[in-house]
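For ligands, and for the atoms within them, numbers begin at 1 and follow the listed sequence. Just so you know, residue 1 is the first one in the sequence shown, and it goes up from there.
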Amino acid sequence: MARPAVAEINLANIRANFQLAASMAPNGKTLAVVKANAYGHGALEVAECLARDAEVFAVASIEEAMTLRASGLRHPILLLEGFFEDSELEIISREGFWTAVHRQEQVDALRQLSLSNPVTVWLKVDTGMHRLGFSPEHAAGVYLELKRLPQVSNVVVMTHLANADDCSTQGVLVEAQVSRLPASFLESGVELSLANSAGILAHEVVRAHWQRPGIMLYGASPLAKANPFSEQLRPVMTLKSKVIAVRWVGQRAGVGYGGRFVAERPTRIGTVAMGYADGYPRQAAEGTPVLIDGQRSKLVGRVSMDMLTVDLTDLPEAGVGSDVEFWGESLSANEVAAYCDTIAYHLFTGVTQRVPRKYFN
Ligand SMILES: *Cc1c(COP(=O)(O)O)cnc(C)c1O
């Protein structure tokens, strides 16, 4: 028998989530962000599943883009972080990739090369995230400069929202970021890309033009508070395994490394084949929810590399071979993430190569 740890990926739900994103900007276009191995879901499989729905895919690096090309995907692929070395430009041009441009040296590199095919450039503007991009004061000039280059076939203006997920302060901050864009960018004729998943789900003001959904394709809402759109998202990854051993421990017995869990009553402990080397977070707090054969229970004790322990005391039917769900179809990744002091993005991208992905639908 194979080790039972597995990540099941519901491809039909990815398609439904993409359709939800696309339907929110019927006059705009929607690309699919599949960086970081499609947030841990498998970039090749996800791209193949969305090949007919998405016109463009987006990744973080040329290596990720080349992997998709090598699999036969013919779509334009946007490099969200741009190119890291000038030598990538020839490949970008040859392979029909699109690239972000976020600093002047990249514009200069473009100008100095003669490329086989002109490239589509996404001009990144820093409207308040203060991570990547030209300042709004310089961006309008750079836009005109790029437009004039024979090496450039099209320019899209992109900015990234820093606070789109925080519904308490949302409107103000997102509007403030948008208002920092040079006025000339808000004229018709300039293609804009403003919205990540949180922007799409919660901010009508950024929904036009090019949308860049990532996490919502994978079924997790980035919003601090659900809204009627985020509630339509369907879970995609279900991380599962099985109970491989069961024992009773007496009152005051410690369980696992450091004896972090101390039994307050005679406790029936189930040991499950899932650990931090699979991507289940070691920082998961005492009491993090898990589902045992569909019933809620909780993590007890520290997560080890290959195993963790759960409380089966109130689930007498459960035993060796019982199914354990860590997040997914019936237990939201966001709920689990809160117990782990992290976010669903981190849980999904953290699932390691050791865990086989099983695709269905
Ligand atoms: C990762 C990324 C996205 C997708 O963000 P989500 O929050 O996952 O929707 C969009 N735009 C850029 C520039 C990114 O790097």
Side-chain angles (χ1 to χ4, degrees), residues 14 17-18 20-22 24-25 28-41 43 46-47 50 54 56-65 76-84 97-103 106 120-134 139 156-167 170 173-174 177-178 181 191-203 206-224 227 229-230 232-233 235-237 333-334 337 342-350:
I14 297 186
N17 293 333
F18 183 87
L20 175 67
M24 299 198 59
K29 294 186 192 171
T30 302
L31 53 72
V33 179
V34 294
K35 63 188 176 187
N37 198 28
Y39 293 43
H41 294 67
V46 171
L50 290 176
V56 179
F57 290 90
V59 296
S61 69
I62 200 161
E63 290 81 5
E64 291 182 343
I77 304 171
L78 169 64
L79 311 181
L80 289 163
E81 276 185 83
F83 51 96
F84 301 89
F97 297 155
W98 297 0
T99 182
V101 161
H102 59 82
R103 55 185 163 93
Q106 296 176 315
T120 292
V121 165
W122 284 44
L123 170 62
K124 184 114 181 195
V125 186
D126 177 7
T127 55
M129 179 92 168
H130 299 324
R131 197 176 60 174
L132 274 193
F134 292 89
V156 176
V157 172
M158 155 165 68
T159 197
H160 200 58
L161 303 171
N163 291 296
D165 51 346
D166 182 353
C167 296
Q170 49 162 338
L173 290 167
V174 170
Q177 277 197 255
V178 173
L181 287 169
E191 284 181 67
L192 286 179
S193 178
L194 310 178
N196 54 5
S197 297
I200 295 166
L201 290 166
H203 302 277
V206 295
R207 253 176 232 154
H209 310 279
W210 281 100
Q211 307 194 91
R212 309 189 306 270
I215 192 73
M216 70 179 286
L217 303 179
Y218 310 103
S221 168
L223 305 180
N227 76 10
F229 301 113
S230 71
Q232 294 174 48
L233 294 173
V236 171
M237 176 196 290
N334 278 325
T342 189
I343 52 179
Y345 296 76
H346 197 183
L347 296 185
F348 294 158
T349 56

*Asks:* Can you give me the closest heavy-atom contact between Ser197 and Ile215, atom names plus distance?
*Replies:* OG-N, 3.4 Å
*Asks:* Taking all atoms of both residues into account, what is the closest heavy-atom pair of Leu201 and Ser221, and its distance?
*Replies:* CD1-OG, 4.5 Å
*Asks:* To check you understand the geometry: which heavy-atom pair defines the closest contact between Ala344 and Ala333, and what is its length?
*Replies:* CB-CB, 4.0 Å
*Asks:* Which atoms form the tightest heavy-atom contact between Leu194 and Arg212, and what is the distance?
*Replies:* N-NH1, 3.8 Å
*Asks:* For ligand 1, list every N/O pair with the protein closer than 3.5 Å, one pair per line with the distance.
*Replies:*
residue	atom	partner	partner atom	Å
ligand 1	7 (O)	Tyr345	OH	2.6
ligand 1	8 (O)	Tyr39	OH	2.5
ligand 1	8 (O)	Ile215	N	2.8
ligand 1	9 (O)	Ser197	N	2.8
ligand 1	9 (O)	Ser197	OG	2.5
ligand 1	9 (O)	Gly214	N	2.9
ligand 1	11 (N)	Arg212	NE	2.8
ligand 1	11 (N)	Arg212	NH2	3.4
ligand 1	15 (O)	Lys35	NZ	2.7

*Asks:* Distance from Phe134 atom CZ to Lys124 atom NZ, nearest 0.5 Å?
*Replies:* 12.0 Å
*Asks:* List for me each residue that meets side chain to side chain contact (heavy atoms under 4.5 Å, CB included) alongside Leu161, sequence neighbours excluded, and say none if there are none.
*Replies:* Ala164, Val174, Gln177, Asn196, Val206
